Amino acid sequence: MLKIQVVFLSALAAMGLSWGASPEGRAAYPEKPYSDAEIMEMAISSVEKAAPYARQLFRPSLTNAQGRVTPPFAVSFKLDEIRALSDWTTWAGFLAKENRIPKGFTRAELVAKCREGVNYATQSHVAIKRIQMATDLGKPYWGSDARNGKNLARRWQSALWAGQIGFAASFVWDVLTAEEKRDVHDMLAAELRDLILRKVPTGFVADTKCEENAWELYTFAAALGLFPDDPEATVWFRKMREYAISVNSHSADVKNRTVIDPWFDRTTVADLVRGPCVYDDWTMQNHGFFHPGYVGGGVGIPGDAILRLEMIQRELHGQVKWRTAASNHNIVPVFDEVLAWLMMPDGELVMPNGNDWALYVLDQCAPLTTMACMFKSPAAKFMESRSMRSVLARQATTGDGTFLLRPENGPWRQGVSACRVIFTYLAHKYFPSDGVAAWTQADYYRAYPGARLWKSQGCVRYVGEGYLFAYAIARGQVKNVCGIFAPLDPSTAKTL
């Protein structure tokens with residue numbers, strides 16, 4: 001069966017078939033990476049192109065007969081409740097802040113919509129309870145809170161959503177009232193009380209805790225960025241470092257005596273690590289199998305958190321009080337030993353075991369941006385340019401500027417892509433990469449040549465003359481055999 005699959009993929013590649021191979025999609029990919037200015041223009045153009053889709057989501061909040069309030073975006077609450085709202089609230093605030101106003105919108109409308117989204121999220125949070133949500137789940141409130149050492153409420157992933165709302169609020173901070181700012185504070189503080197009470201989770205077999213620990217950083221970044229002088233700020237910062245160390249924690253970390261932040265204290269990596277979240281060869285499993293998309297999350301999400309903490313402090317306070325090297329922990333080996341070997345020439349990831357939610361989303365820019373901007377990697381800088389080129393090519397095929405064609409989770413998944421591209425823009429604004437060496441595709445595959453075997457995952461990747469091949473016998477909870485064969489011509493690499 002595998003032989004048939006590989007032959008079929010090879011035939012597709014030879015024919016150059018791809019999704020909607022439009023003239024824009026077929027345009028030449030860059031031989032060398034784009035400049036910061038070029039990447040920023042591509043990124044903000046991409047965000048702006050989503051305006052027709054966003055217009056369909058905009059709606060007024062209404063109070064129903066039961067006294068519950070509908071959200072200011074037409075988003076489904078059957079999955080992840082407030083998450084889609086937080087992403088599209090960020091979309092509106094970002095464009096307003098950068099004064100990049102799409103056709104058919106005004107800046108005042110974008111500011112108002114961002115403010116409305118922030119207020120809906122904060123006022124329906126379990127720590128505030130000023131309004132009740134009209135949701136498909138029937139639950140009037142969302143979020144987590146803990147007081148007096150006890151959890152009053154807990155909602156898995158709610159810290160991610162709260163952190164995103166805090167980030168969105170930073171874009172319109174100057175128009176929020178004192179009460180609205182206090183609501184943002186109380187929402188974030190409630191989520192952090194819960195995170196501080198928790199034992200930081202670890203684990204790497206079948207269900208890595210890498211991504212979960214990473215997304216908690218968003219809440220810490222928003223709280224410390226917006227409220228750097230809060231009485232609890234030092235407590236927040238200490239716990240943030242514990243989660244950050246546990247994003248890509250490795251078995252060797254128990255012996256790592258590196259002092260993390262000498263400016264703050266003498267705490268070492270070994271002091272904070274609670275257990276590994278990656279295999280010894282730097283791979284990881286999620287959803288029961290080797291999942292490169294989540295490897296990318298262990299690079300891209302901490303990078304985004306670094307950006308948010310830095311940007312909010314600079315923009316709102318004119319100085320940076322909080323910054324930790326814990327957010328950088330083990331990102332470089334995860335990229336160099338795994339992720340970089342699994343990049344196709346169009347900037348998309350190879351998925352040797354397939355994927356359980358979406359193949360070829362073409363928005364892998366976040367981990368590449370992290371490596372290019374924060375870690376000055378020439379390999380990542382090259383592939384980031386290819387990735388952004390693919391994002392725009394995909395958008396040219398969807399009709400309404402969406403990032404994906406009919407994704408399984410609708411506004412939620414589209415919002416994730418939008419926020420990844422927003423991160424790329426802002427990272428190049430605050431952590432420019434123009435001084436990084438300009439690699440070509442030949443340079444890239446010379447740096448990551450030939451075969452690479454990850455025994456822990458039963459996975460091999462091979463780059464030959466003009467093609468890339470990856471094959472895996474899944475060794476997680478999911479049992480399968482899968483392979484992919486793709487040409488090294490980026491204009492024909494999108495073959496499924």
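On a predicted model such as this, the values are computed, not experimentally measured, just so you know.
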Sidechain-backbone polar pair: Thr370 side chain, Ala366 backbone, donor-acceptor under 3.5 Å: yes
Reported OG-to-CG distance for the pair Ser246 and Leu217, which is rounded to 0.5 angstrom: 10.0 Å
Aromatic Tyr218 / basic Arg308 pairing, under 6.0 angstrom, 45° off normal: yes
Cation-pi geometry met for Arg394 and Phe403 (6.0 Å, 45°): no
Donor + acceptor pair across side chains of Glu191, Ser158 (<3.5 Å): yes
Cationic tip of Lys129 above Tyr141 ring, under 6.0 Å, 45° of axis: yes
Lys49/Asp400 ion pair, N-O < 4.0 Å: no
Pair Trp161-Gln157, side-chain donor/acceptor within less than 3.5 Å: yes
Distance-only donor-acceptor check, side chains Ser417 and Arg413, under 3.5 Å: yes
Tyr34 ring center near Phe382 ring center (under 6.0 Å): no
Distance under 6.0 Å and angle within 45° of ring axis: Lys239 vs Phe220: no
Note: Glu310-Arg314 ion pair, threshold 4.0 Å (strictly below): yes
Distance-only polar pair, side chains of Gln164 and Thr90, donor-acceptor under 3.5 Å: yes
Distance-only polar pair, side chains of Glu384 and His428, donor-acceptor under 3.5 Å: yes
Point-to-point distance, once rounded to the nearest 0.5 Å, from CZ of Phe237 to CD of Glu232: 15.5 Å
Exam field: side chain Lys199 to backbone Arg274, donor-acceptor pair closer than 3.5 Å: no
Expected output: side-chain Trp91 to main-chain Val47 donor-acceptor under 3.5 Å: yes
Side-chain donor/acceptor of Thr202 to backbone N/O of Cys277, under 3.5 Å: no
Exam field: side chain Lys321 to backbone Leu224, donor-acceptor pair closer than 3.5 Å: no
CA sep, side-chain torsions, deciding dist, call: Asp183, Lys181, salt bridge (charged side-chain N to carboxylate O under 4.0 Å, His left out): CA-CA 5 Å; Asp183 285 346; Lys181 291 176 180 179; over 6 Å; no
Check: Thr208/Asn286 side-chain N/O donor and acceptor closer than 3.5 Å: no
Arg323 side-chain N/O to Ile306 backbone N/O, donor-acceptor pair under 3.5 Å: no
Flag, side chain of Arg100 to backbone of Glu48, donor-acceptor distance under 3.5 Å: no
Polar side chain donor-acceptor pair, Thr424 to Thr369, under 3.5 angstrom: yes
Worked check of ring pair (Phe, Tyr, Trp, His ring centres under 6.0 Å) between Phe94 and Tyr425: CA-CA 10 Å; Phe94 165 73; Tyr425 175 92; 5.3 Å; yes
Chi angles and distances behind the side-chain contact (heavy atoms from CB on, under 4.5 Å) call for Met133, Trp142: CA-CA 9 Å; Met133 298 188 298; Trp142 70 281; 3.9 Å; yes
Distance, nearest 0.5 Å, that separates SG of Cys210 from CD1 of Ile301: 7.5 Å
salt_bridge(Asp145, Arg147) N-O dist < 4.0 Å: yes
Parallel, tilted or perpendicular: ring planes of Phe264 versus Trp322, cut at 30 and 60 degrees: perpendicular
Stepwise ring pair (Phe, Tyr, Trp, His ring centres under 6.0 Å) check, Phe105 with Phe58: CA-CA 11 Å; Phe105 289 78; Phe58 280 27; 5.6 Å; yes
Residues Asp363 and Arg420 bridged, charged N to O under 4.0 Å: yes
Side chains of Val69 and Ser124 in contact at under 4.5 Å (non-hydrogen atoms): no
Rounded distance (nearest 0.5 Å) linking atom SG of Cys419 with atom CZ of Arg83: 9.0 Å
Any Val278 side-chain heavy atom under 4.5 Å of Thr283 side chain: no
Passing option when Trp88 is tested against Phe73, Tyr53, Tyr120 for ring-ring contact (aromatic ring centres under 6.0 Å, His included): Tyr53
Contact check, side chains of Leu95 and Ile101, non-hydrogen atoms, under 4.5 Å: no
Expected output: side-chain Glu216 to main-chain Leu160 donor-acceptor under 3.5 Å: no
Short N-O contact, Asp36 and Lys429, less than 4.0 angstrom: no
Polar contact flag, side-chain donor to acceptor under 3.5 angstrom, His185-Asp230: yes
Distance-only donor-acceptor check, side chains Glu180 and Thr122, under 3.5 Å: no
Ionic contact status for Glu98 with Arg107, cut-off 4.0 Å: no
Residue pair Glu38 / Ser35, side-chain donor-acceptor N/O under 3.5 Å: yes
Ser144 side chain vs Arg155 backbone, donor-acceptor pair below 3.5 Å: yes
Within-4.5 Å side-chain heavy-atom neighbours: Leu192 and Thr219: yes
His287 ring center within less than 6.0 Å of Phe289 ring center: no
His317 side chain to Gly225 backbone, donor-acceptor under 3.5 Å: yes
